[in-house]
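Notes follow the structure.
The figures that follow rest on heavy atoms only: side chains count, while hydrogens, waters and symmetry mates do not.
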Amino acid sequence: MYKTHTCGEVGVDLIGQEVTLAGWVHRLRHHGGMLFLDLRDRFGLVQVIVDERQQPETFELLKRVRAEWVLQIRGRVERRPPGTENLAWSSGLVEVLAQNVQVLNPSRPLPFPLEERTGKHDETVRLKYRYLDLRRPRLQRNLELRHRVLLYIRNYLSQRGFLEIETPMLFKATPEGARDYLVPSRLYPGHFYALPQSPQQLKQLLMVAGIERYFQIARCFRDEDPRGDRQPEFTQLDLEMAFVEREDILDTIESLFTEMIPVVAPHKQILISPWPRLSYREALLRYGTDKPDLRFGLEIKEASFFEQTRFPPFRAALEQGGSIHYLLVPNMSEWSHARRAELEAVIREHSFIPFSLLRVADGWTGSPLSQQMTTKESEQLSIESGAKPGDGCILVAGESVAASSALGQARLWLRDTFQLAPINVLAFVWIVDFPMFEWDAAEQRWKAAHHPFTRPRVQSSSEELERDPQNVLADSYDLVCNGYELASGSIRIHESELQRRVFRVLGLSEEEIERKFGHMLEAFSYGAPPHGGIAPGIDRLIMLLADEPNIREVIAFPKNSAARDLMADAPSPVDEEQLQELHLKIAETSSNIQ
């Protein structure tokens with residue numbers, strides 16, 4: 001056998017025994033006639049020593065060995081001399097005195113060093129040689145954490161009556177909010193499958209089938225513009241339940257996460273339990289976003305006491321139906337002029353509406369607004385903001401959501417610039433009562449804010465849905481943590497007629513409804529139960545638990561920020577013969593592949 005023990009298993013209980021180990025050379029050090037070799041496998045590190053006087057041939061062999069060579073080592077376990085222990089290793093109290101060494105495979109010089117202490121390396125090189133990057137302990141810890149999370153989820157849900165069911169990867173192209181990845185059919189020229197954006201329709205059909213409690217660790221595909229917390233293909237915990245209301249689903253996920261996190265990531269602390277709930281509009285007005293980070297304060301507030309302001313830009317905004325909102329900025333008087341300019345640039349980047357920066361000295365100063373504030377306005381701003389000498393305020397005037405959004409960007413800039421959010425804290429919050437529809441100005445039609453299978457919060461007649469869609473709320477909900485959307489879900493429509501009404505609001509003709517969704521509507525006509533579900537993103541969850549800056553660090557083989565696989569050089573052209581088999585022809589286009 002190649003090994004009797006893993007490197008992580010070698011400990012004081014094996015002192016005096018002979019072991020056979022196999023792994024990679026992590027580090028080599030020469031000290032006179034002694035050679036010290038750190039051998040690494042997935043389970044740990046162990047120090048191997050070779051004495052030139054006792055093992056001259058082995059010593060001579062190892063003089064040629066370099067980092068990342070694969071070795072098999074047979075030797076005797078001994079206790080380390082006092083003062084040389086390494087308590088950071090599970091094997092740090094012992095060492096292995098080598099008796100025989102065999103080279104299983106040499107390694108070329110590496111394109112980048114694997115040691116963590118060498119710092120960050122160019123991500124392009126890391127992704128090109130991802131199989132080497134994954135040897136690093138940090139990334140292996142991330143993959144192990146991912147495994148523990150998925151194992152916990154499977155056990156937890158299985159014990160509560162959920163069935164794990166796989167759904168097809170080749171399905172029908174249907175609108176779900178993003179572009180589909182299409183798969184051409186060789187057997188049916190001109191016809192295409194689509195890779196699933198989610199198993200949304202299929203899990204609803206499982207509820208019609210009487211499964212009642214379903215889950216799947218589902219692979220999903222969306223042809224979206226990439227960013228740090230998004231990939232073309234990703235993994236989600238897909239979950240659906242029959243005969244439930246919103247509270248049943250929220251309680252299920254909240255209980256799962258609350259019980260799981262102390263087990264898989266004990267260094268993380270959940271800030272508030274039970275998790276708070278905010279309506280969509282409340283989140284926008286208080287935090288400037290529907291993905292609020294609650295790990296720090298600095299809430300946005302409305303300055304209604306400025307209703308009689310004499311400051312012309314603010315006066316004009318109020319006369320146009322707007323309002324004035326403000327955000328407290330601690331210790332702003334200590335800032336340099338450059339830092340103030342940086343904050344002003346952040347606000348301007350996200351808003352064209354008027355704003356003003358004030359600071360507390362002897363009253364409010366630092367802006368033309370301060371010269372036109374009444375005594376009452378000045379005093380009221382001090383009282384309601386809680387500002388202390390040295391603090392400041394940002395005031396923005398305009399439409400309520402736009403004003404809050406600009407301050408929300410300033411709030412995040414303050415968080416990142418001054419490190420206001422503790423890294424080991426998880427601040428979960430449920431966002432509820434989203435709009436059912438959003439107006440698409442470019443296409444001049446209503447679109448589903450979530451997806452078209454979401455149930456309205458209040459049962460509406462066909463006339464009400466079609467007459468006033470902008471005021472219809474959806475029975476949908478998002479789970480947000482530390483400023484990231486972790487999950488999205490809803491109670492579904494289970495009646496054919498209500499589903500048709502929603503499709504009509506979205507501008508679909510009867511022919512389109514039948515062509516795209518006829519299978520769903522027919523299924524609902526055979527006794528579909530009330531049902532709902534949710535889909536937490538596994539990649540983003542692991543990213544937060546592992547304290548990583550983006551999801552690429554917790555996925556074994558991710559795409560880069562341009563949605564390319566640098567290791568395999570994909571996407572890539574295919575042979576003309578393959579295109580002909582699929583009845584495809586490539587239109588002339590300029591390539592943007594770098």
Side-chain angles (χ1 to χ4, degrees), residues 278-290 292 294 296-335 337 339-415 420 433 435 439 468 470-471:
L278 296 173
S279 72
Y280 170 76
R281 183 165 180 81
E282 184 182 9
L284 291 181
L285 294 180
R286 289 173 60 181
Y287 299 100
T289 175
D290 61 353
L294 304 190
F296 63 108
L298 304 188
E299 285 191 28
I300 299 163
K301 298 180 180 179
E302 184 176 357
S304 57
F305 46 87
F306 270 94
E307 58 186 10
Q308 301 300 322
T309 180
R310 297 174 298 185
F311 187 50
F314 283 14
R315 182 75 255 155
L318 291 178
E319 289 172 353
Q320 294 173 13
S323 54
I324 300 172
H325 298 255
Y326 69 90
L327 180 70
L328 177 68
V329 183
N331 305 314
M332 195 169 75
S333 63
E334 300 174 5
W335 292 11
H337 177 75
R339 177 143 287 177
R340 283 173 56 93
E342 198 176 336
L343 173 58
E344 291 175 357
V346 169
I347 302 172
R348 286 195 185 94
E349 182 182 353
H350 294 91
S351 174
F352 296 104
I353 55 183
F355 69 92
S356 184
L357 267 62
L358 300 175
R359 62 180 181 273
V360 180
D362 184 13
W364 292 97
T365 62
S367 164
L369 170 63
S370 61
Q371 301 169 14
Q372 299 191 40
M373 289 171 62
T374 65
T375 301
K376 180 181 178 182
E377 290 169 343
S378 178
E379 291 176 349
Q380 200 66 28
L381 180 59
S382 297
I383 293 170
E384 296 204 12
S385 68
K388 305 182 297 296
D391 291 345
C393 267
I394 315 168
L395 290 97
V396 176
E399 189 274 326
S400 294
V401 172
S404 294
S405 178
L407 291 176
Q409 294 298 326
R411 182 175 181 269
L412 295 179
W413 179 85
L414 291 167
R415 176 197 65 185
L420 301 179
D433 294 341
W439 180 252
D468 194 20
Q470 65 181 343
N471 289 321

(message) If you compare all heavy atoms of Tyr326 against all heavy atoms of Ala303, which two are closest, and at what distance to 0.1 Å?
(response) CD2-CB, 3.7 Å
(message) Can you see whether Ser400 engages Ser323 through a side-chain donor-acceptor pair at a distance of less than 3.5 angstrom?
(response) yes
(request) State which residues pass salt bridge (charged side-chain N to carboxylate O under 4.0 Å, His left out) with Asp433; sequence neighbours excluded, sorted by chain then number. (result) Arg246, Arg457
(message) Could you measure the distance from the CE atom of Met373 to the CG atom of Leu395? Nearest 0.5 Å is fine.
(response) 7.5 Å
(request) Provide the closest heavy-atom pair for Val401 versus Leu284 in the form atom of the first, atom of the second, distance. (result) CG1-CD1, 4.0 Å
Under 3.5 Å, which donor-acceptor pairs link side chains of residues 313-320 to any protein atom two or more places apart or in another chain?
{"unit_1": "Arg315", "atom_1": "NH1", "unit_2": "Glu307", "atom_2": "O", "d": "2.9"}
{"unit_1": "Arg315", "atom_1": "NH1", "unit_2": "Thr309", "atom_2": "O", "d": "3.3"}
{"unit_1": "Arg315", "atom_1": "NH2", "unit_2": "Glu307", "atom_2": "O", "d": "3.4"}

(request) Locate the shortest heavy-atom distance separating Leu328 from Leu298; write the atom from each residue and the value. (result) O-CD2, 3.5 Å
(message) If you define the side chain from C-beta out and look only at heavy atoms, does anything of Gln380 sit under 4.5 Å from Phe306?
(response) no
(message) Rounded to the nearest 0.5 Å, what separates atom CD1 in Ile394 from atom CG in Leu343?
(response) 4.5 Å
(request) Report yes or no: does Arg411 contribute a side-chain atom to a donor-acceptor pair with the main-chain N or O of Tyr287 at less than 3.5 Å? (result) no
(message) Quick check for you: to the nearest 0.5 Å, what is the distance between Trp364 atom CH2 and Leu358 atom CG?
(response) 6.0 Å
(message) So, taking the atom named CE in Met332 and the one named SG in Cys393, what distance separates them when rounded to the nearest 0.5 Å?
(response) 8.0 Å
(request) Without swapping roles, check the side chain of Asn331 against the backbone of Asp391 for a donor-acceptor pair under 3.5 Å. (result) no
(request) Mark yes or no for whether Trp335, through its side chain, and Arg340, through its backbone, hold a donor-acceptor pair below 3.5 Å. (result) no
(request) Look up atom CD in Glu399 and atom OG in Ser405, then write down how far apart they are to the nearest 0.5 Å. (result) 9.5 Å
(request) Kindly determine whether Glu344 and Leu357 satisfy side-chain contact (heavy atoms from CB on, under 4.5 Å), including the steps that lead there. (result) CA-CA 8 Å; Glu344 291 175 357; Leu357 267 62; 4.0 Å; yes
(request) Could you pull out the closest heavy-atom pair between Ile347 and Ala410, with the gap in Å? (result) CG1-CB, 4.2 Å
(request) With sequence neighbours left out, write down each residue that passes side-chain hydrogen bond (donor to acceptor under 3.5 Å, both in side chains) with Ser304, or none if nothing qualifies. (result) none
(request) For the pair Leu327 and Leu414, evaluate side-chain contact (heavy atoms from CB on, under 4.5 Å) and give the outcome as yes or no after the intermediate values. (result) CA-CA 11 Å; Leu327 180 70; Leu414 291 167; 4.0 Å; yes
(request) With rounding to the nearest 0.5 Å, note down the distance linking CD in Glu377 to OG in Ser382. (result) 12.0 Å
(message) Has Ser370 got a side-chain atom pairing as donor or acceptor with Ser367's backbone, closer than 3.5 angstrom?
(response) yes
